[in-house]
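Chain A is the first sequence line, chain B the second, and so forth, proteins listed ahead of strands; every chain is numbered from 1.
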2 protein chains.
Amino acid sequence: MTSVGGRRSGRARDERAERGIPEATVARLPVYLRALTALSDLDVATASSEDLAVSAGVNSAKLRKDLSYLGTYGTRGVGYDVNYLRYQIAREIGLTQDWPVVIVGIGNLGHALANYSGFASRGFRVAALLDSDRARVGEKVGELPISSLDDLEEIVRASSVSIGVIATPAAAAQDVCDQLVAAGVSSILNFAPALLAVPDHVDIRKVDLSIELQILAYHEQRKAAGLAEIKADAG
Amino acid sequence: MTSVGGRRSGRARDERAERGIPEATVARLPVYLRALTALSDLDVATASSEDLAVSAGVNSAKLRKDLSYLGTYGTRGVGYDVNYLRYQIAREIGLTQDWPVVIVGIGNLGHALANYSGFASRGFRVAALLDSDRARVGEKVGELPISSLDDLEEIVRASSVSIGVIATPAAAAQDVCDQLVAAGVSSILNFAPALLAVPDHVDIRKVDLSIELQILAYHEQRKAAGLAEIKADAG
DNA sequence: AAGAGTTTGTGAACGCGAGAACAAAATCGT
DNA sequence: ACGATTTTGTTCTCGCGTTCACAAACTCTT
Ligand SMILES: NC(=O)c1ccc[n+]([C@@H]2O[C@H](COP(=O)([O-])OP(=O)(O)OC[C@H]3O[C@@H](n4cnc5c(N)ncnc54)[C@H](O)[C@@H]3O)[C@@H](O)[C@H]2O)c1
Ligand SMILES: NC(=O)c1ccc[n+]([C@@H]2O[C@H](COP(=O)([O-])OP(=O)(O)OC[C@H]3O[C@@H](n4cnc5c(N)ncnc54)[C@H](O)[C@@H]3O)[C@@H](O)[C@H]2O)c1
């Protein structure tokens with residue numbers, strides 16, 4: 001960072017963030033955060049990029065470059081202050097505030113998600129559980145009762161919910177998605193194996209168990225094929 | 001020993017596959033497969049790369065390039081035969097055979113996974129449910145009883161299991177992972193928020209709810225910041 | 001205070017994947 | 001038979017992300 005003239009006073013720090021952090025880096029920040037939390041729990045005060053990289057399972061140069069997008073929080077010859085860096089990353093991701101979340105579709109998976117304690121451990125708070133099945137509405141899951149999907153809009157407004165989780169069957173997913181968007185939700189995590197269309201201002205991410213298994217199967221098959229070939233060549 | 005000279009006669013077609021398909025492409029093949037299945041259910045016999053690309057939510061040039069790694073299964077001026085292409089992709093991924101899977105850690109999430117019908121719909125068959133909690137062993141979940149983790153090795157051998165799913169708490173994940181690998185499992189899908197070390201010959205993929213939510217939170221925060229700035233500039 | 005040792009932050013090289021663009025190959029209409 | 005039309009397979013270019021490598025900046029020792 002060779003600054004030639006002056007005039008870099010106030011904005012210098014914001015300049016980086018303003019351009020936006022590369023998507024690949026954003027995806028790794030939570031991993032670093034987890035590694036830092038683990039170190040902090042072990043009362044480690046300072047860690048080098050190499051230490052952190054090992055904890056996070058990445059290359060140390062990549063880690064340093066990733067962190068450089070946030071600012072210069074390290075000290076040359078020393079490393080990073082674990083708690084300070086942890087706070088900075090948490091702030092960058094937005095975990096210094098609370099994120100209310102609604103879960104739609106309280107079946108097998110929805111129940112597991114509703115009972116999941118790992119939600120709250122970061123700043124994600126389950127604000128409501130929603131299902132269209134009238135027979136299920138009112139049933140308690142943990143602390144929370146299941147609400148009717150009809151109340152979605154009111155709940156989203158009342159609790160300022162901006163994140164929604166879809167755990168309905170695939171056939172209902174697009175419809176639920178549209179309702180979430182209409183209610184004002186602008187980030188969606190989708191567990192249903194369906195392609196969802198959303199407006200530009202809405203972010204959507206999917207978790208697809210079936211795809212993950214198929215990717216594993218592909219590589220597994222290749223391993224088996226490789227072995228077979230070796231056998232054939234030997235025989 | 002691989003001979004240098006001949007013996008490559010019938011192999012010309014395999015040449016493509018032998019080099020391996022790019023990882024990004026492998027990850028999309030299951031998406032194409034799903035799109036093709038949907039079209040097939042609608043009795044669509046033929047589809048152009050553009051049709052397919054729309055169904056799968058990708059760029060059509062990318063789709064064509066992806067498919068070209070498998071072979072030349074399309075017809076210029078016509079498109080792709082839906083069922084034929086579907087079979088070819090399924091074969092490439094390895095879905096023409098059955099993949100027995102063991103699930104370890106039958107708690108909240110493990111129960112949901114055990115009851116999940118989407119597993120069987122592709123060739124993934126749950127061969128066993130395992131838990132270390134003696135109180136849980138014997139309990140039935142759907143059709144299957146929960147087995148003791150002690151029986152892992154025997155189950156893996158008896159059913160030729162090569163894929164394992166970890167749904168234990170993070171603290172137990174590495175230990176469970178090691179046991180899976182020792183038993184002969186060579187592909188692992190990990191739901192625990194932990195970094196797992198495995199030998200080179202073992203493939204591992206992770207599904208991390210917390211990371212997904214944090215990525216959404218980051219973008220959500222940016223949207224909010226953008227709006228705040230506009231307001232401030234206007235005011 | 002100066003030299004030896006560490007570790008960061010970043011410039012530069014490289015590789016991979018995305019997408020535009022187009023020639024080749026098939027069908028269709030006349 | 002042949003030109004117009006459609007659509008594939010592939011080439012080419014561009015941008016992003018990863019990794020290496022190193023000067024700059026800091027600490028520690030003497
Ligand atoms: N169970 C798993 O382990 C698992 C794993 C990966 C993916 N998935 C996917 O997650 C989704 C849910 O799976 P599940 O096993 O929990 O299914 P499920 O059938 O047990 O639960 C679905 C729930 O959604 C509700 N629902 C249906 N239509 C709705 C609508 N329009 N609005 C609101 N709620 C509605 C149903 O009443 C039901 O409670 C499915 O798409 C499935 O493919 C499940
Ligand atoms: N519940 C969810 O929705 C959810 C979502 C995302 C991630 N996860 C992660 O999935 C994992 C499981 O979550 P959960 O909510 O089902 O937890 P849980 O506590 O309900 O279940 C954990 C199960 O693992 C078993 N177990 C513990 N140690 C074991 C060992 N050494 N060997 C075999 N089994 C063992 C326990 O007996 C228990 O049955 C956790 O790592 C969690 O972070 C859960």
Side-chain angles (χ1 to χ4, degrees), chain A residues 1-4 8 12-13 15-17 19-29 31-32 35-36 39 44-82 84-86 88-89 92 215, chain B residues 12-13 15-17 19-29 31-32 35-36 39 44-82 84-86 88-89 92 215 218:
Chain A
M1 263 278 291
T2 41
S3 72
V4 182
R8 263 186 166 286
R13 196 196 38 195
E15 200 86 4
R16 273 176 233 261
R19 293 277 171 200
I21 298 175
E23 201 49 40
T25 297
V26 171
R28 281 188 294 267
L29 290 180
V31 178
Y32 302 155
L36 285 164
L39 290 174
V44 175
T46 306
S48 69
S49 63
E50 185 58 34
D51 296 339
L52 276 174
V54 169
S55 295
V58 300
N59 177 296
S60 70
K62 178 153 61 176
L63 181 136
R64 286 199 300 278
K65 184 160 279 190
D66 283 342
L67 295 183
S68 77
Y69 290 114
L70 312 191
T72 62
Y73 296 131
T75 308
R76 296 176 189 221
V78 178
Y80 300 88
D81 180 290
V82 170
Y84 181 62
L85 181 58
R86 186 156 78 112
Q88 292 300 339
I89 293 180
E92 191 71 37
I215 294 171
Chain B
R13 194 198 40 197
E15 200 85 2
R16 268 178 237 263
R19 293 277 172 200
I21 297 174
E23 200 49 38
T25 296
V26 171
R28 281 188 296 268
L29 291 180
V31 178
Y32 301 155
L36 285 165
L39 290 175
V44 175
T46 307
S48 70
S49 63
E50 185 58 34
D51 296 339
L52 276 174
V54 170
S55 296
V58 301
N59 178 294
S60 69
K62 178 153 62 176
L63 181 136
R64 286 199 299 279
K65 186 179 277 187
D66 282 344
L67 294 183
S68 77
Y69 290 116
L70 313 190
T72 62
Y73 297 130
T75 308
R76 297 178 189 219
V78 179
Y80 300 88
D81 180 291
V82 170
Y84 181 60
L85 181 58
R86 186 156 78 112
Q88 292 300 339
I89 293 180
E92 192 70 38
I215 294 171
Y218 169 78

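Taking the nucleotide of DNA chain C with the nearest heavy atom to each of B:T25 and A:S48, the more 5' of the two is matched to A:S48. Between A:P22 and B:G79, the one whose closest nucleotide on DNA chain D sits nearer the 5' end is B:G79.
A 4.5 Å side-chain heavy-atom check between B:V78 and B:T46 finds at least one atom pair inside the cut-off. Contact check for A:I89 versus A:L85: side-chain heavy atoms found under the 4.5 Å cut-off. For the pair A:Q88/A:L67, no side-chain contact is recorded, criterion being any heavy-atom separation below 4.5 Å from C-beta on. Within the 4.5 Å cutoff, side-chain heavy atoms of B:V58 are placed close to those of B:Y32. At least one side-chain heavy atom of B:E23 sits under 4.5 Å from a side-chain heavy atom of A:I215. Residues A:Y80 and A:D51 have side chains not in contact (no heavy-atom distance under 4.5 Å, counting atoms from C-beta outward).
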Please report the C-alpha distance between B:L36 and B:L52 in whole Å, then the side-chain angles of each, then the deciding distance to 0.1 Å, and finally whether the side chain to side chain contact (heavy atoms under 4.5 Å, CB included) criterion is met. CA-CA 7 Å; B:L36 285 165; B:L52 276 174; 3.5 Å; yes

Show your working on side chain to side chain contact (heavy atoms under 4.5 Å, CB included) between A:D81 and A:T75 and close with a plain yes or no. CA-CA 8 Å; A:D81 180 290; A:T75 308; over 6 Å; no

Report the C-alpha separation of B:T25 and B:D66 in whole Å, then their side-chain angles, then the decisive distance to 0.1 Å, and conclude whether the side-chain hydrogen bond (donor to acceptor under 3.5 Å, both in side chains) test is met. CA-CA 6 Å; B:T25 296; B:D66 282 344; 2.7 Å; yes

Evaluate side chain to side chain contact (heavy atoms under 4.5 Å, CB included) for A:I21 paired with A:E92, printing each intermediate quantity in order. CA-CA 10 Å; A:I21 298 175; A:E92 191 71 37; 3.5 Å; yes

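Atom CG of A:L85 is separated from atom C1' of C:dT8 by 13 Å (rounded to the nearest Å). The nearest whole Å value for the distance from the CG atom in A:L29 to the P atom in D:dG17 is 13 Å. Between the C1' atom of D:dT8 and the OH atom of B:Y84 lies a distance of 15 Å, rounded to the nearest Å. Distance A:Y69 OH to C:dG9 C1': 12 Å, rounded to the nearest Å. As rounded to whole Å, 16 Å separates atom P of C:dA26 from atom CG of B:D81. Distance, A:E23 CD to C:dA18 C1': 16 Å, rounded to whole Å. Look at CG on B:L67: it is 16 Å from C1' on C:dG19, rounded to the nearest Å. What separates OH of B:Y73 from P of D:dT10 is a distance of 13 Å, to the nearest Å.
Between D:dT6 and B:Y80, no contact under 4.0 Å exists linking OP1 or OP2 to a side-chain N or O. Taking 4.0 angstrom as the limit, B:S49 places a side-chain polar atom (N or O) nearer than this to OP1 or OP2 of D:dT8.
B:Y84 has its ring centre less than 6.0 Å from the ring centre of B:Y73.
Axis angle between the ends of the helix from C:dA1-D:dT30 to C:dT30-D:dA1, five pairs each and rounded to 10 degrees, works out to 0°.
A:A35 and A:S55 get closest at one heavy-atom pair: CB-CB, 3.7 Å.
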Tell me, for nucleotides 24-30 of chain D in 5' to 3' order, what letter each nucleotide earns: B for a base near a protein heavy atom under 4.0 Å, S for only sugar-phosphate near one, - for neither? BBBS---

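DNA chain C lies under 4.0 Å from at least one heavy atom of each of the following residues of residues 56-66 of chain A: A:R64, A:K65.
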